[in-house]
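We count residues from 1, following the sequence as given. In each ligand, atom 1 is the first atom listed, and ligand 1 is the first ligand listed.
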Amino acid sequence: MKAVTAYIDTTALKNNVRQIRTKVPKAKLIAVVKANAYGHGLYPISSALTDEADAFAVSRISEALSLRTSGVTKPIVLLEGFYNDEDVEDISTYDLYTAVHDLEQVEAIERSNITKPIHVWLKIDVGMHRLGSHDPKEIQTIKERLERCPQVRKPLGLISHLSVADTPSEEQYNLEQIEFFYKIKESLNFTGTCCLANSAGIYRWPKSHTEWVRPGIIMYGISPFANLSGQDLGLTPVMTLKSSLIAIHKLKAGDKVGYGAAFVAREDTTLGIVAAGYGDGYPRTAPNGTPVLVNGRRVPTAGHVCMDMMFVDLGKDSQDKVGDEVVLWGKDLPVEQIAEACGTIPYELVCRIMPRVSVEFN
Ligand SMILES: *Cc1c(COP(=O)(O)O)cnc(C)c1O
């Protein structure tokens, strides 16, 4: 009997990428594998995508170095740039591509005594106000400094990130952001490669498609949009999170279940104990009634999720047995539905898979 296993379907992953390519047939694809490939496993996912992706993107230099030292040879992009002077040396040694979003980073590159110039994408702010400048004069200054810098390869790339690409009501703001990107590209004469669209941009904003695109969540078969599932977008979930029933009890109407008695049986029923909890990454915020599949049948959770276990209401006539399979999300139970029940986004749920969960790849 297994406690918790994340089954990772690399065939679905590759098919998703092929499906994504049909939306952006001319673009080169940077597979976003930050945060342990959204909880799916950094190296196995990247190696499965060796022939599918043109480059990889991560957020931490540790992730980039681990990919390089595992033998990944495609370009690896640091989406947030770097934070420490020493990182510049690693970027050069390991031939990484870094975003540069401010003058402090430019100065760190200027100070470095690397001999092999590094690949830089100048990161600008088109409207999110997270990283990068939104001021054309300041962008010009950063650009000129980088261009004068012998430690930097030319021409520079240009990169930015859309803040509301998943929000259809923000049509005007999306168009403004995309327009700002092209305005900077043209007025400041960027001749290098450009990259703007994330998953939502790829599916919904054709104008955001540049030479490079950066899909993340859609590669994993999950929708970036609140009202659509991955399946609606022609995608297949890559992760299926499974557990087992480890105990079964008959309950009488009025019986109180779990910490804080957060579930009270309204009628006689059967309670299943599942060997998965928030210590595995199942969200404790899942309310009573969050769907779970037991023997392929949708049943509701009952009571607070514990660290190592959770409860499901199997119904009065349950024939389920100890050892039976429980699907927490994945094929036949989109993680989008669990996220919605918990008031969060599916990105967070898959990212939070804990190290003790065993992972199996096919
Ligand atoms: C995470 C991230 C992406 C991928 O976003 P998805 O919505 O998962 O496609 C792209 N670009 C940047 C800068 C990111 O941080």
Looking only at heavy atoms, the pair that brings C342 and P283 closest together is SG-CG, 3.6 Å
Under 30°, 30 to 60°, or over 60°: which ring-plane class applies to F180 and H134, parallel, tilted or perpendicular?
parallel
heavy-atom search around atom 7 (O) of ligand 1 in the protein gives Y347 OH, 2.7 Å
query: Quick one: does NZ or CZ of K74 land under 6.0 Å from the six-membered ring centre of F56, within 45 degrees of the ring axis?
result: no
heavy-atom search around atom 9 (O) of ligand 1 in the protein gives S199 OG, 2.5 Å
* **Donor-acceptor contact below 3.5 Å, side chain E336 vs main chain S223** => yes
N/O separation below 3.5 Å, A200 to ligand 1 | no
Honestly, for H161 the part within reach of ligand 1 (heavy atoms, under 4.0 Å) is side chain
the protein heavy atom lying closest to atom 4 (C) of ligand 1 turns out to be Y38 OH, 3.3 Å
Note: I217, heavy atoms under 4.0 Å from ligand 1, region reported as both
Nearest non-hydrogen protein atom to atom 10 (C) of ligand 1, with distance, is R214 NE, 3.4 Å
Here the atoms of ligand 1 under 4.0 Å from any heavy atom belonging to K123 are 13 (C)
Out of E80, M128, K34, the nearest non-hydrogen contact to atom 14 (C) of ligand 1 is supplied by K34
Here the gap from L196 atom CG to K207 atom NZ, rounded to the nearest 0.5 Å, amounts to 13.0 Å
Problem - Criterion side chain to side chain contact (heavy atoms under 4.5 Å, CB included) on L235 and Y203, from CA distance to verdict - result: CA-CA 12 Å; L235 306 167; Y203 266 84; 3.6 Å; yes
Contact region, R130 to ligand 1, non-hydrogen atoms below 4.0 Å, reads side chain
Nearest heavy-atom contact between A253 and D268 is N-OD1, 2.9 Å
